[in-house]
Amino acid sequence: MCLAIPARVTRMLDDDCAIIELDGVQKEISLALVDDVAVGDYVIVHVGYALGKLDPAEAQKTLELVRAMSLVTDDTTPL
Amino acid sequence: MSAPQARTKRKFGRPLNFKRGVIELSHGSGGRAMAQLIDELFTRSLSNPWLEQGNDQACLELPAGRVAMTTDSYVISPLFFPGGDIGSLAVHGTINDIAMSGARPLHLSAGFILEAGFPLRDLRRIVDSMAAAARAAEVAVVTGDTKVVERGKADGVFINTSGIGVVPEGLQLSGNLARPGDRILINGTIGDHGVAVMSKRAELDFEVSVESDSAALHDLVRVMVSAVPQMRCLRDPTRGGVATTLNEIARQSGVGMTLEEAAIPIKPEVAAVCELLGLDPLYVANEGKLIAICPPQYAQALLTAMTRHPLGRRSAVIGEVAADQPHFVRMHTAFGGSRVVDWLSGEQLPRIC
Amino acid sequence: MKYIDEYRDGVAARGVAEQIILEAKPDRVYNLMEFCGGHTHAIYRYGVQDLLPDNVNMIHGPGCPVCVLPIGRLDMALSLADRDGITVCTYGDMLRVPGSGGRSLLQAKAEGADIRMVYSAADALKLARQHREQQVVFFAIGFETTTPPTAVAIQGAQAQDLDNFTVFCNHVLTPSAIANILESPDVRELGTVPIDGFLGPAHVSVVIGSQPYEFFAREYHKPVIISGFEPLDVLQSILMLIRQLNCGRAEVENQYIRAVSRHGNLKAKRMVAEVFELRRQFEWRGLGVVPYSALRIKNRFAKFDAEVRFDLSYTPAKEHNGCECGAILRGVLQPIDCKLFGTACTPETPMGSCMVSSEGACAAHYIYGRYQAAAGTA
Ligand code: SF4
């Protein structure tokens, strides 16, 4: 449900719109549902609208948590 | 080439207006207007001895051997897309269908269905592109046909091309020959054509610099056949993508298949478009790719031969044939699990959920 | 793709999977429901189930807006599309779903109805602006994620004073559906399917926040982990659920913290509240009538309500009585327990809601997981 993708804002446009970029793909989206978005921010895009911002610090923490959870593989080198 | 031009000018009075002119019903009615269109556009652009004879058929001398024949119709929107257009596509697609038998493609026919009102300038662009593709592939369009339908009864241009070629002696490639243990190879990245075409569809509204992979594969096939004549089967994964082609072969041969997701080449931009639209790149169309199946001991030699060819730089072994009763194509995901890669049900549509 | 690929990493997945095997107690079963089709899709597409021990069961919930839309509502959209002068716009997901008599929007389009696939509600609005002579109806479906964009479109139509744009609103609410599953007699009284915990929605929660789930943790004593839709998110959330269950906790935890806050997107929620209000009840395919589970357009915006403008009324359509979706959505049965599965009912000819989109439990099992049963492997 609710396919939504994190993508980076590369350019602000008029009318609460912006261009986002995802690995070489550009798309115009609406920022009507979010406040305080700046170029360089990652937003969660759903049906052409940014639904919220992605927090890079929390994203990093989640990955670290994943690593900490799997202590088992920490001392074995990945294949 | 300048001689016929001078002649046609005299023959039809005022030459075709390629700046502002459009296709009219009279261009398909068999009269003078049609003769002029054929002369000043088709024959001139596609020029070869057969067409210049002006007969309703081409009489051909074929080398000895089994003849491969195929036909395909091309309807595509938009007509022009990054990396090609309906004209080059109609040549490449039919050449590839012949080449997948291992045959050397020799001659094509071309039938055009034109919608009244279609700009002559665009038509010339399409025919010129068709001619360039045929010339580059050393294949001649030896006979053709044109019909015009009323405005609103077609979408600009539809093209049908048929082709024939000759299969080298002793070569036997077929979709029912895959055997358990065989390796599955592809000659490069998947989904380029489908994504390039989608990127120009107004309603999807995104920008990406991916070009269609549309290409004639017969020279690559020639190289592959001479490197590994023991190959079992070749097929081009066009509509329905790699997933559909593998399912077809699995069913024909009565085998299963196992793919390695991590080994399947894909451009990051293509993956990103698929992510945005909720599509699976395994089902996205290709026009310059082939799937090859060969016995395991020849896989390395085949891969080496493919990688040396300009159309095979990013070739890869993507999986192997399995003795699987239900004829499923399975995939080991890069994540570490596995899943079925099923037939496509219906047309793949962008999703929001 | 940054913030996507990291969460699909196979090496990290193996680590978490090993930890799950280590921590899942062999003497009990964990029945975990992923509410969302997004999770169902990730589980099947990446083969997450293969990494889980046998005693961790994933039950695929009703979280796909295409699947739960009752046929009667689709029939209403079809009847609109059949009228002259009306253009129906909708998301690609809806086009193939069969209505009564098996007729889909795609088929209606082939028969000449003016039906357009749009990627966004804004595209439908644009179409209305460009074709003032045509009545453009946006057939809106979706959960809390998809509702705010529809609200923006309706407000835009009002600002531009468009009199040829309306919305046929089918937006539904996630928490009411979860409550319905927990309240169903199967679960509460018979106790046949003790759902032990939930993976909570990712993108719905970006909008509504994690707070609405606190009720479930409190009232029903079920742990809820708000989980991202990438496979590593799912795996990590499963481990978090197992840890809570192992020590008897029932809390809301937020695994998708990179995008979800406790209160969600206040601006989006405000816009939704301006335009929409609760329906007293709404039918969900597979669940039946669920009280206060959907939204309708407020009176103030009635001008943009297709149900008002075109005087539409709802007639429930009959479902195939062999379909076991209700039981599957509650975890009582598995897709393969249905007699119609894979025979009469396939993705090409769906008989019930779970087969309608690739996010439905039956379709996901058919498309991605079938070999498990057929080949007898786990
Ligand atoms: S297989 Fe079809 S009929 Fe059976 S429960 Fe699933 S959706 Fe319903």
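To find a chain, count down the sequence lines: A is the first, B the second, and so on, and within it residues start at 1.
For a residue to count as touching a neighbouring chain, one of its non-hydrogen atoms must lie under 4.5 Å from one of that chain's; by this rule Arg116(C) does not touch chain B. At a 4.5 Å heavy-atom cutoff, the contact between Pro350(B) and chain C is made by backbone and side-chain atoms alike. Neither the backbone nor the side chain of Thr346(C) comes within contact range of chain B; no heavy atom of the residue lies under 4.5 Å from a heavy atom of that chain. For chain B, the nearby part of Asp123(C) is the side chain; its heavy atoms alone come within less than 4.5 Å. Only the backbone of Ala334(B) has a heavy atom closer than 4.5 Å to any heavy atom of chain C. Contact annotation for Leu127(C): neither backbone nor side-chain heavy atoms come within less than 4.5 Å of a heavy atom of chain B.
Here the closest non-hydrogen pair linking Met117(C) and Tyr91(C) is CG-C, 4.3 Å. In plain terms, the two heavy atoms of Arg8(C) and Pro231(C) that are nearest each other are CG-CD, 3.8 Å.
Among Glu348(C), Met1(C), Arg96(C), Lys126(C), the residue with the largest count of heavy-atom pairs under 4.5 Å with chain B is Arg96(C).
Using cut-offs of 30° and 60° on the angle between ring planes, the pair His365(C) and Phe341(C) is tilted.
By the 4.0 Å N-to-carboxylate-O rule, Asp280(B) lies close enough to Arg339(B) to be salt-bridged with it.
Side chain of Ser214(B) to main chain of His193(B): no donor-acceptor pair is present (N/O by atom type, distance under 3.5 Å, no hydrogens or angles). Remark: the backbone N or O of Val341(B) is paired with a side-chain donor or acceptor of Asn247(B) at under 3.5 angstrom.
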